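Have a look at the structure below, then the notes.
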Amino acid sequence: MNEKAAVRESLSRVKEYIPGKDIEYVKKRYGLDRVVKLASNENLYGASPKAIDAFKDFKDLHLYPPPQPEELIERISKYTGVEESKIVIGSGIDGILEGIFNIFLEKGDSVSISPPTFPYYITLATIHDAKIERLERDESFNIKVSNSPKSKITLICSPNNPTGNLERGETVREIVEESQGIIFIDEAYVEFSSSDLLEFTEYENVILARTFSKAFGLANLRIGYAIMPEWVKKEYLKVTTPFPVSTPAIKAACAALDDLEYMKSTVERIKRDRERVFKELLNFGAEVYPSEANFLFMRVTPSFCDEMMKRGVIVRDCSSFVGCRKGDVRVSIGRTADNEYFLEKAKEILGQDR
Ligand SMILES: *Cc1c(COP(=O)(O)O)cnc(C)c1O
């Protein structure tokens, strides 16, 4: 058997994940002293110092972690108000999504996705040989439901990455109540938004996932959680890898939940700056969209990302996202000094446009 023959056929249609350029590369390439990366929606204020201490204090690296840590599940239950029996810990939302796809999808099943949205949904669906049903969005990027999705899994990202908008409650309700399948709600950015979709966890076909990667500033630790009906949790515990998250990650997440004040204070600063950057970009004449997350989406001149990189600011070029076009850009809101640097450089480029 040759190597090609051994690889699953569906992978020929999967695009590799291409990460953005890193800071060191851009410094060297353009001979810059200062480079700011606003491309991955990280919380650049970092995690709570208490979370960092909890991570550092852990020494038993030779022992396997608990598969579903009670101490963290208790805290998430308190944080969300959802009963512990519905909570599952996983290696980020990415890891949880993978588990859910493993439970439900058989070859040829369909998955409903509403582009532009988080690209990993399409990657996973393609790996699983699923048919992709497209749910269209209107000009404000709200999902339009003309006919209810018949798919095994429907993915709803709210606030949506990369467009930043919240999904309307009535749309979600219609999809949840009319659909024959599972509705996966991705709330990676919920801490930055003015409302959430937690009420839908009452339904027996809804899974709602969240993460410590964004507002809590723990992206490197790969830890997230989901709220799911008990019947799904039972299946999930069969398909997950036995030890999905490390104890240092669990300890850090617990400490982060014990220090909500820290997270909230960074989120407040980020939200304030988000509104300032939004207004400034409008002043520069950019087509920028309101956001409920820690990033902004804009439609600008196609050379914008390259021009920004030359000036020491890395932003996310979304032109390769399904449902996006050339010149679509996502910029994360960082610390105030980062955002000011971004605005200074953006003004140079957008100013020339007019
Ligand atoms: C960042 C992001 C994720 C990934 O979260 P992890 O918990 O780090 O795996 C999932 N969904 C969306 C929409 C994201 O933007």
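Worth saying up front: this structure is predicted, and the values here are computed from it rather than measured. Whatever order the structure lists ligands and atoms in, that order sets their numbers, starting from 1.
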* Enumerate the atoms of ligand 1 whose separation from the nearest heavy atom of Ala188 is less than 4.0 angstrom. => 11 (N), 12 (C), 14 (C)
* Per-atom contacts, ligand 1 versus Ser213 - under 4.0 Å to a heavy atom -> 6 (P), 7 (O), 8 (O)
* To do: Determine whether the side chains of Glu292 and Ser194 contain a donor N or O and an acceptor N or O closer than 3.5 Å.
  => yes
* Asked: Using a distance-only test with no angle check, is there a side-chain donor-acceptor pair under 3.5 angstrom linking Arg13 and Thr126?
  -> no
* Does ligand 1 have a heavy atom under 4.0 Å from the side chain of Ile93, from its backbone, from both, or from neither? -> both
* Would you kindly say whether Tyr203 and Arg173 are connected by a side-chain donor-acceptor distance under 3.5 Å? => yes
* Asked: Do any N/O atoms on Asn41 end up under 3.5 angstrom from N/O atoms on ligand 1?
  -> no
* Asked: Hey, is Arg75 close enough to Asp258 for a salt bridge, meaning N to O under 4.0 Å?
  -> yes
* In the protein, which heavy atom is nearest to atom 11 (N) of ligand 1, and how far is it? -> Asp186 OD2, 2.6 Å
* To do: Report yes if Arg222 has an N/O atom closer than 3.5 Å to an N/O atom of ligand 1; otherwise report no.
  => yes
* Structure fact -> If you scan protein heavy atoms around atom 2 (C) of ligand 1, the nearest is Lys214 NZ, 2.5 Å
* Inspect the contact between Arg210 and Glu191 and indicate whether a charged nitrogen and a carboxylate oxygen are less than 4.0 angstrom apart. => no
* Can a non-hydrogen atom of Gly224 be found less than 4.0 Å from any atom of ligand 1? -> no
* How about Ser319 and Asp328: does a side-chain donor come under 3.5 Å of a side-chain acceptor? -> no
* Asked: Are side-chain N/O atoms of Asn160 and Thr163 paired as donor and acceptor at under 3.5 Å?
  -> yes
* **ligand 1 N/O within reach of Ser91 N/O, cut-off under 3.5 Å** => no
* Using a strict cut-off of 4.0 Å, indicate which atoms of ligand 1 neighbour a heavy atom of Gly92. => 6 (P), 7 (O), 9 (O)
* Asked: Which part of Asn161 is near ligand 1, with near meaning a heavy atom under 4.0 Å away: side chain, backbone, both or neither?
  -> side chain
* Indicate, as side chain, backbone, both or neither, the part of Tyr189 found under 4.0 angstrom from ligand 1 when only non-hydrogen atoms are considered. => side chain
* **Evaluation steps, side-chain hydrogen bond (donor to acceptor under 3.5 Å, both in side chains), between Glu230 and Ser85** => CA-CA 7 Å; Glu230 286 178 48; Ser85 59; 3.0 Å; yes
* **Proximal ligand 1 atoms for Cys157, defined as those under 4.0 Å from one of its heavy atoms** => 13 (C)
* Asked: What protein heavy atom sits nearest atom 4 (C) of ligand 1, and how far off is it?
  -> Asp94 OD1, 3.4 Å
* Asked: Do Lys214 and Tyr189 have side-chain atoms, one donor and one acceptor, less than 3.5 Å apart?
  -> yes
* Contact between Ala219 and ligand 1, counting heavy atoms under 4.0 Å? -> no
* Asked: Using the ring of each side chain (for Trp, its six-membered ring), is Phe118 parallel, tilted or perpendicular to Tyr121, with breaks at 30° and 60°?
  -> perpendicular
